[in-house]
Amino acid sequence: MKRYRILLFVLLFGCLLFLAACEGEKEKNTSSQTRVVVIGSEIEGIYLARAAMDEGLSVIILDPREQPGGQLIQGQMQFLDEPMDDRNHTLLQGRVKDLFTRYKKGEIRKANEFEQYFNSLINGIPMESGITITGIEKVKDMNTSAQRINSITYRTADGLEKTLSADYWVENTDFTALAGGLGLEPLPGIETVFGGAKDYMAASMMMKFRNVNWDKFQKETSRLSKKEIEDKYGSTSTVTDKFTWGFGKTGASFTPSNKEVFLRGLNTINQRDGEVLINALLLFNVDPSNKGSIQGAMELGKSETKRILPHLRQELPGWENAEINGYPNYLYIRDYKRYSTEYVLQASDIMSGKMFWDNVSVAGYPIDLQGTASHTWGQHSGDPDKYGMPLRSFIPKDYSNVILAGKNVGASAVAYGSARIQANTSLAAEVIGILLGRLKGEQDLTKITKEDMNDIHAYAKKKYSITLSDVKAVNKIKDLSEDQIKELNIGKLTLP
């Protein structure tokens with residue numbers, strides 16, 4: 001009898017284990033049904049992920065880089081450009097506005113403070129770093145000509161193979177880790193403006209210094225007359241208690257070690273306590289998809305920073321005792337491969353202040369084309385008032401569930417000079433995250449109507465105080481001829 005009781009106990013225990021395993025597998029399968037997968041951890045896509053999760057969607061971030069944060073955190077590109085309109089009113093809205101507010105107050109200036117901010121955004125969002133995409137399963141939409149991504153297979157940093165399905169996919173890297181495998185039509189690059197072979201705007205290495213006497217720097221520069229400043233440092237050179245801009249002659253008077261590097265004007269931020277950060281060191285011909293290219297550019301940037309230090313000590317008051325304050329872990333990549341979208345922004349859209357029925361951002365910033373190895377100083381093509389950025393410029397052509405975040409925006413080489421600015425595309429990404437939350441996987445992005453967008457605009461305004469419709473802008477090209485507008489769009493006409 002005792003033997004039967006033991007056998008019965010074993011059978012019951014086995015049944016319980018089996019049922020628990022089944023329930024566990026059920027939970028596992030349920031949790032794997034992800035609504036949004038963000039590939040890469042650049043800040044713009046993080047705003048999208050945060051908004052989508054806050055709107056009730058499940059979100060996962062898969063990052064091909066070994067460390068998260070991209071340009072802002074690893075590249076420490078922490079000289080933030082604020083979009084302003086013609087009346088000098090800020091165009092910041094949404095979460096990125098809070099970042100700028102704290103930045104301008106001096107609360108967020110140092111690298112660790114930016115990291116704390118970034119971590120607050122990704123809090124609670126699952127993230128895997130160091131992944132490699134090994135396969136993309138695409139399916140054809142039976143009702144349209146568009147394609148969808150059904151799932152991706154990727155290899156983890158530990159070498160495991162995983163497959164993940166989702167409703168929406170977001171390209172959020174600086175080297176098109178996802179979009180590069182979709183067979184999309186590439187957009188022409190900066191060679192359309194400067195000529196030559198396929199090319200991209202320069203990358204940068206941020207230069208970090210300490211023991212700078214900022215008060216002396218500001219006071220001695222402020223004592224100079226406008227002509228003296230122009231003669232010594234270059235036109236528009238300015239030092240405030242927080243920032244500098246201009247100083248083109250300071251850059252021009254430095255002799256680079258080779259043709260792969262160049263010192264332009266100094267965009268400098270006072271990080272407090274004698275620490276400063278400069279965005280000025282350009283590195284040419286960097287391929288962000290190639291680890292060897294990145295490593296070579298990093299080493300060149302470090303050696304060039306060492307050469308630049310004595311130049312700044314000699315040229316700038318208050319910099320006599322400056323020292324190098326370490327180096328970032330990565331580069332600031334401005335420009336790389338981009339692909340055709342449902343609508344490709346043009347310079348004429350930007351300069352005319354065009355607004356769109358599917359606005360996801362109201363943007364601004366000069367059309368600033370940074371240099372290349374053959375055109376080191378780049379080109380300034382015009383100053384818009386403000387303009388809209390449509391959802392369609394973030395949807396790759398012929399794909400119904402893919403979003404291009406941040407610097408992957410669909411814009412011509414000229415329009416990209418303004419559209420690329422982080423604050424512009426951060427707002428767009430957040431609004432798209434809100435939109436995805438409202439759709440809940442039930443609608444293709446290519447089928448969104450004006451009525452749908454009217455609802456999204458109203459919701460964004462009511463809940464998030466984001467205004468995207470009924471915005472008026474100054475048309476700065478209303479007197480140009482059709483031929484002149486064509487010249488503007490290919491960078492052959494620059495406006496004052």
Side-chain angles (χ1 to χ4, degrees), residues 75-81 103 106 109-111 114 202-284 286 297-332 334 368 370-371 376-378:
Q76 293 187 26
M77 202 317 216
Q78 293 159 359
F79 185 100
L80 303 184
D81 293 309
Y103 174 74
R109 289 287 178 82
K110 298 177 184 288
F114 277 95
S204 282
M205 173 177 270
M206 301 301 291
M207 298 185 293
K208 304 168 62 177
F209 301 100
R210 63 182 178 229
N211 295 337
V212 174
N213 187 334
W214 192 279
D215 287 340
K216 180 179 179 181
F217 182 32
Q218 183 183 7
K219 287 175 182 176
E220 294 204 12
T221 305
S222 299
R223 287 194 190 104
L224 301 176
S225 68
K226 184 177 180 180
K227 185 178 187 308
E228 287 172 329
I229 289 176
E230 185 170 340
D231 290 343
K232 187 172 184 178
Y233 300 123
S235 61
T236 74
S237 296
T238 304
V239 183
T240 73
D241 61 332
K242 301 179 180 68
F243 312 107
T244 78
W245 57 90
F247 290 87
K249 288 188 176 181
T250 305
S253 60
F254 173 76
T255 303
S257 61
N258 62 67
K259 293 183 179 180
E260 293 298 304
V261 65
F262 181 71
L263 185 65
R264 51 152 229 203
L266 311 180
N267 284 352
T268 311
I269 177 171
N270 177 7
Q271 294 181 297
R272 305 190 312 268
D273 310 318
E275 297 182 1
V276 301
L277 188 71
I278 300 179
N279 174 18
L281 180 55
L282 302 185
L283 300 164
F284 303 121
V286 179
M298 290 286 295
E299 293 305 316
L300 176 58
K302 291 176 183 179
S303 63
E304 206 69 7
T305 300
K306 294 175 184 176
R307 296 183 69 248
I308 289 169
L309 174 59
H311 178 69
L312 299 181
R313 284 175 171 172
Q314 179 179 327
E315 295 293 320
L316 304 177
W319 289 67
E320 296 83 1
N321 299 314
E323 299 175 345
I324 292 173
N325 193 25
Y327 303 96
N329 297 323
Y330 187 60
L331 302 175
Y332 163 28
R334 284 184 181 81
D368 180 21
Q370 286 294 308
T376 53
W377 282 102

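Residue-environment remark: CD (Gln314) stays at or below the threshold of 12 foreign heavy atoms within 6.0 Å.
Between Lys219 and Asp215, none of the side-chain N atoms (NZ, or NE/NH1/NH2) sits under 4.0 Å from a carboxylate O, so this pair counts as no salt bridge. A salt bridge links Glu304 with Arg307; the closest basic N to acidic carboxylate O contact falls under 4.0 Å.
The two residues Thr221 and Ile229 have their closest heavy-atom pair at O-CD1, 3.7 Å. Taking each heavy atom of Gly248 and Ser237 in turn, the nearest pair found is N-OG, 4.4 Å. In terms of heavy-atom proximity, Gln78 sits nearest to Ile269 at O-CD1, 3.9 Å. Here the closest heavy-atom approach between residue Ala280 and residue Gly265 is recorded as CB-O, 3.3 Å.
For the pair Phe254/Leu312, no side-chain contact is recorded, criterion being any heavy-atom separation below 4.5 Å from C-beta on. In this structure, the side chains of Ile324 and Leu309 come closer than 4.5 Å at one or more pairs of heavy atoms. Put simply, the side chain of Asn258 does not reach to within 4.5 Å of the side chain of Phe284, judged on heavy atoms. A heavy-atom distance below 4.5 Å is not found between the side chains of Val212 and Arg313.
Using a distance-only test at 3.5 Å, with no hydrogens or angles considered, no donor-acceptor pair links the side chain of Lys216 to the main chain of Pro317. Of the possible polar contacts, one joining the His311 side chain to the Thr250 backbone as a donor-acceptor pair under 3.5 Å is found. A donor-acceptor contact shorter than 3.5 Å links the side chain of Asn270 to the backbone of Asp241.
A tilted orientation is assigned to the rings of Phe247 and Phe217, their planes being inclined by 30° to 60°.
Screening Met205, Met207, Met206 for a side-chain contact (heavy atoms from CB on, under 4.5 Å) involving Ile278 leaves a single residue, Met207. The residue from Glu275, Glu323, Gln76 that alone fulfils the side chain to side chain donor-acceptor pair (under 3.5 Å) condition with Lys208 is Gln76.
For the residue pair Asp368 / Gln370, a side-chain donor-acceptor distance below 3.5 Å is found, with atom types taken as modelled.
In this structure, Arg272 CZ and Lys242 NZ are separated by 12.5 Å, a value rounded to the nearest 0.5 Å.
For Tyr103 and Phe243, the ring centers sit closer than 6.0 Å to each other.
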